[in-house]
Amino acid sequence: MIYTLTTPLYYVNDKPHLGSTYTTVACDALARFQRLEGHEVVFVTGVDEHGQKIQRTAAAQGISPIDHCNRVTASYEKAWNEWDISHDRFVRTTSPRHLPLVQQFFQRCEEAGDIRSGRQTGWYCVGCEEFKDDPAEAINPTCSIHQKPLEWRDEENLFFCLSHFQEKIEALLNQSDFIAPASRRKEIQNFVAGGLRDFSISRVNVEWGLPVPGHQGHTFYVWFDALLGYLTALLDDGGSIDLERLNAVGWPANQHVIGKDILRFHAVYWPAMLMSAGLPLPRKVFGHGFLTREGQKMGKSIGNVLDPEVLLNRCGTDAVRWYLLRDIQFGDDGDFQQQRFVDLVNNDLANTIGNLLNRTSSMSRKWFNESTPIVDSEDSDGHALRQAAETAITSVREAMPSMAFQKAAEAILQLAIQANGYLNDQAPWSKMKKGGQDAEVAVDLYGVLESARLVGWLLKPLVPDLSERILSQLNQPSNATLWTGELVWGGLESGHPLPQPQPVMQRLELEETL
RNA sequence: GGCUCGGUAGCUCAGCUGGUUAGAGCGUGGGAUUCAUAACCCCAAGGUCGGGAGUUCAAGUCUCCCCCGAGCCA
């Protein structure tokens with residue numbers, strides 16, 4: 001049973017910004033979790049490269065569209081590589097494999113009687129690649145999103161008969177778990193209730209697009225072509241491009257993770273297209289929120305854009321991943337606040353977790369021959385921290401599948417906090433001073449080290465690098481592909497050598513504003 | 001203009017189907033401790049739950065009106 005997960009296919013207008021990084025990191029955490037749980041995962045990401053906007057952006061730079069695409073796409077690949085994203089597929093809509101898939105899909109829709117031609121006249125925004133509803137007699141209307149003048153169009157287009165799917169789409173949206181988070185459902189339902197209108201899926205005079213078979217001069221509308229990239233990605237396993245193969249390679253997707261702005265395309269247009277082509281529907285569409293910065297929308301005009309590359313180079317993946325996943329309720333809008341970012345990373349990662357490991361490992365080495373203490377299984381099994389550890393494990397496993405990263409992170413932190421508290425209560429350093437209580441101290445430290453080992457494993461999907469450093473500090477192999485066998489109390493070996501402790505997480509000291 | 005989602009401690013937010021003195025984390029102040037990354041632990045101050053009216057024995061939690069913010073559609 002394959003677990004298929006997708007990010008949006010990002011539009012290659014510019015290099016990745018913080019928003020696309022956020023989405024991708026979140027998907028990465030989920031993908032890693034599902035793999036550790038034993039699922040065969042296909043994690044898809046990629047880029048959407050067609051459309052008039054790309055054509056014009058390239059022209060403005062005096063380069064060909066494909067050169068522009070190659071350049072921007074390379075920046076995505078580089079970024080995901082640096083962020084250590086564990087995607088299985090990276091699809092490009094300019095890939096030669098994509099064209100036959102789009103044409104096959106289109107033919108199915110055409111044969112199903114869901115394609116018609118029609119005249120489309122009206123004001124068009126190239127930025128949105130959409131016709132607007134401004135009245136025909138409007139003089140110099142502008143797009144409210146892009147603040148750019150609309151262009152008058154009068155052309156023959158092919159239309160997808162979305163109107164044929166009114167009832168079916170309504171029924172789909174009535175399923176309580178199709179759109180997540182639930183708070184976004186009504187907006188889409190109301191949109192659909194207003195009556196679905198056919199939408200055009202081809203353009204004339206846009207050369208930078210895939211040709212529509214049997215319709216000279218038409219290229220596919222970017223959205224039609226882009227959504228199909230998900231299918232191309234799945235078929236990109238060395239086999240043939242054949243829609244019949246889809247269910248063997250991971251379709252339907254378990255989850256499309258997207259920004260809330262493109263929820264309509266994924267929850268309405270896309271399912272209808274799939275229905276027309278006789279293909280199964282994705283199980284869930286998750287529309288997450290947007291990030292602001294210090295309470296303000298990020299934008300070039302305000303000049304407050306936070307570049308993920310700067311963030312990465314200055315602070316590292318762990319810090320940023322942790323902050324984004326732990327502090328922002330995935331689904332809701334979130335605000336990036338630098339001071340809070342620094343505070344949380346230092347408190348949670350460096351102090352609570354890092355220092356816990358550091359202090360305990362240091363004690364254990366000092367008093368138990370540079371190793372973990374030797375305890376018998378009875379003492380280990382009945383350890384005071386065992387319950388806390390098992391609670392944390394259960395919570396993480398419950399929270400992660402629904403992308404409740406915040407809950408998972410809190411559960412892990414809770415275990416570390418309890419272990420720190422336990423140490424302070426037991427005060428092994430005092431016992432050692434008094435003498436004669438080595439056996440008791442051994443049990444105390446074993447339980448804390450074991451908790452740290454579990455924290456290390458539980459952090460793996462969220463902050464994989466830090467996880468590895470924690471486990472290696474405990475002299476544990478971290479290369480297991482499954483964590484089922486690891487997430488069991490008592491896994492830490494008695495009398496196991498411990499390396500000289502090194503801080504696993506540096507405190508962030510940011511003097512400057514990033 | 002219609003619709004959707006928010007408005008709870010300085011900050012970010014939890015508060016399910018209405019029910020004891022409204023919670024957490026961060027920040028701030030104080031204390032304790034020394035194993036540790038000036039760390040960890042404990043304690044404290046701090047809120048008329050956007051405003052108003054209503055339903056109820058009882059409302060942050062339900063109804064209506066208004067104000068503010070974000071977004072979707074016009």
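Note that the structure is predicted; figures quoted are calculated from it, not measured. In what follows, chains are A, B, ... by sequence order, proteins preceding strands, each numbered from 1.
Candidate nucleotides C11(B), C40(B), C35(B) were compared by shortest atom distance to the side chain of Thr352(A), and C40(B) ranks first. If you check U37(B), A70(B), C73(B) against the side chain of Phe191(A), the one that comes closest is C73(B). Checking U12(B), G71(B), U37(B) against every side-chain atom of Asp327(A), the shortest atom distance belongs to U12(B).
Rounded to whole Å, atom P of C13(B) lies 18 Å from atom CZ of Phe405(A). For Ile328(A) and G6(B), the CD1 to C1' distance is 16 Å, given to the nearest whole Å. Gln414(A) places its CD atom 17 Å from the P atom of G23(B), with the value rounded to the nearest Å. One can place CD of Gln329(A) at 12 Å from P of G6(B), the figure rounded to the nearest angstrom. Distance CZ (Arg293(A)) to C1' (U12(B)): 17 Å, rounded to an integer number of Å. Between Glu294(A) atom CD and A70(B) atom P there is a gap of 17 Å when expressed in whole angstrom units. Distance Gln406(A) CD to G15(B) P: 10 Å, rounded to the nearest Å. Rounded to an integer number of Å, the gap from Trp367(A) CH2 to C35(B) P is 7 Å.
Listed by first residue number, the stems of RNA chain B with at least three Watson-Crick or G-U pairs below 3.5 Å are B:1-7 with B:67-73, B:10-13 with B:23-26, B:28-31 with B:41-44, B:50-54 with B:62-66.
If you check every strand for non-hydrogen atoms under 4.0 Å, Asn420(A) touches sugar and phosphate atoms only. Backbone-only engagement by Arg197(A) is indicated by non-hydrogen atom pairs under 4.0 Å involving sugar-phosphate atoms exclusively. The residue Met505(A) sits close to a base: some heavy atom pair falls under 4.0 Å. Residue contacts shown for Pro503(A) include a base, since a base heavy atom lies under 4.0 Å away.
The separation of C16(B) from C72(B), taken at their C1' atoms, amounts to 28 Å, rounded to a whole angstrom. Only the P atoms considered, U8(B) is 14 Å distant from U61(B), to the nearest whole Å. Nucleotides C13(B) and U34(B) are separated by 40 Å at their P atoms, to the nearest Å. Comparing the C1' positions of C35(B) and C43(B) gives a spacing of 23 Å, expressed to the nearest Å. Using P as the reference atom, A53(B) and G10(B) are 24 Å apart when rounded to the nearest Å. Separation of the C1' atoms belonging to G6(B) and G60(B) is 14 Å when rounded to the nearest angstrom. For the P atom pair drawn from A22(B) and U48(B), the interatomic distance equals 12 Å after rounding to whole Å. Comparing the P positions of G19(B) and A58(B) gives a spacing of 14 Å, expressed to the nearest Å.
Taking the O4'-C1'-N9-C4 or O4'-C1'-N1-C2 dihedral as appropriate, G6(B) has a value more than 90° from 0 and is therefore anti.
For Thr57(A) and Asn13(A), the side-chain atoms include at least one donor-acceptor pair closer than 3.5 Å. Donor-acceptor pairing under 3.5 Å is recorded for the side chains of Thr6(A) and His256(A).
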Can you list, pair by pair, the side-chain donor-acceptor contacts under 3.5 Å of residues 437-445 of chain A, counting residues two or more places apart and other chains?
from      : atom 1 : to        : atom 2 : distance (Å)
Glu440(A) : OE2    : Lys431(A) : NZ     : 2.9
Asp444(A) : OD1    : Tyr422(A) : OH     : 2.9
Asp444(A) : OD2    : Lys431(A) : NZ     : 2.7

Just the atom pairs and distances: protein N or O near nucleotides 24-34 of chain B's N or O, under 3.5 Å.
from   : atom 1 : to        : atom 2 : distance (Å)
G25(B) : N2     : Arg340(A) : NH1    : 3.0
C26(B) : O3'    : Asn347(A) : ND2    : 3.2
C26(B) : O2'    : Asp343(A) : OD2    : 3.4
G27(B) : OP1    : Asn347(A) : ND2    : 3.3

Detail all sub-3.5 Å separations between protein N/O atoms and N/O atoms belonging to nucleotides 3-5 of chain B.
from  : atom 1 : to        : atom 2 : distance (Å)
C3(B) : O2'    : Asn190(A) : ND2    : 2.6

Yes or no on ring-ring contact (aromatic ring centres under 6.0 Å, His included) for Phe159(A) and Phe199(A), after CA distance, side-chain angles and deciding distance? CA-CA 5 Å; Phe159(A) 282 75; Phe199(A) 67 97; 8.5 Å; no
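A distance-only check finds no donor-acceptor pair linking the side chain of Ser364(A) to the backbone of Thr360(A) [under 3.5 Å].
Contacts classified as ring pair (Phe, Tyr, Trp, His ring centres under 6.0 Å) and involving residues 300-349 of chain A (residues at least two apart or in different chains) are given here: Tyr22(A)-Phe330(A), Phe286(A)-Phe330(A), His288(A)-Phe330(A), Tyr323(A)-Phe336(A), Tyr323(A)-Phe341(A), Phe330(A)-Phe405(A), Phe336(A)-Phe341(A). Residue pairs meeting the salt bridge (Lys or Arg N to Asp or Glu O under 4.0 Å) criterion with at least one member in residues 401-412 of chain A: none, sequence neighbours excluded.
Taking every heavy atom of both residues into account, Leu281(A) and Pro252(A) meet most closely at O-CB, 3.1 Å. Across all non-hydrogen atoms, the minimal contact from Trp223(A) to His266(A) is CZ3-CE1, 4.0 Å. Across Pro497(A) and Asn475(A), no two heavy atoms sit closer than the pair O-ND2, 2.9 Å.
Taking a 6.0 Å sphere around CZ of Arg197(A), one finds it holds 12 or fewer heavy atoms contributed by other residues, nucleotides or ligands.
Tested against Phe160(A), the residues Phe165(A), Tyr221(A), Tyr269(A) include a single ring-ring contact (aromatic ring centres under 6.0 Å, His included) partner, Phe165(A).
Remark on RNA chain B: of its neighbouring residues Gln418(A) and Asp335(A), the 5'-side contact belongs to Asp335(A), judged by nearest-heavy-atom nucleotide. Closest-nucleotide positions on RNA chain B for Leu423(A) and Asp332(A) were compared, and the one nearer the 5' end corresponds to Asp332(A).
Judged by the 6.0 Å and 45° rule, Lys260(A) forms a cation-pi pair with Phe290(A).
In this structure, Asp28(A) pairs ionically with Arg32(A), as a charged nitrogen and a carboxylate oxygen lie closer than 4.0 Å.
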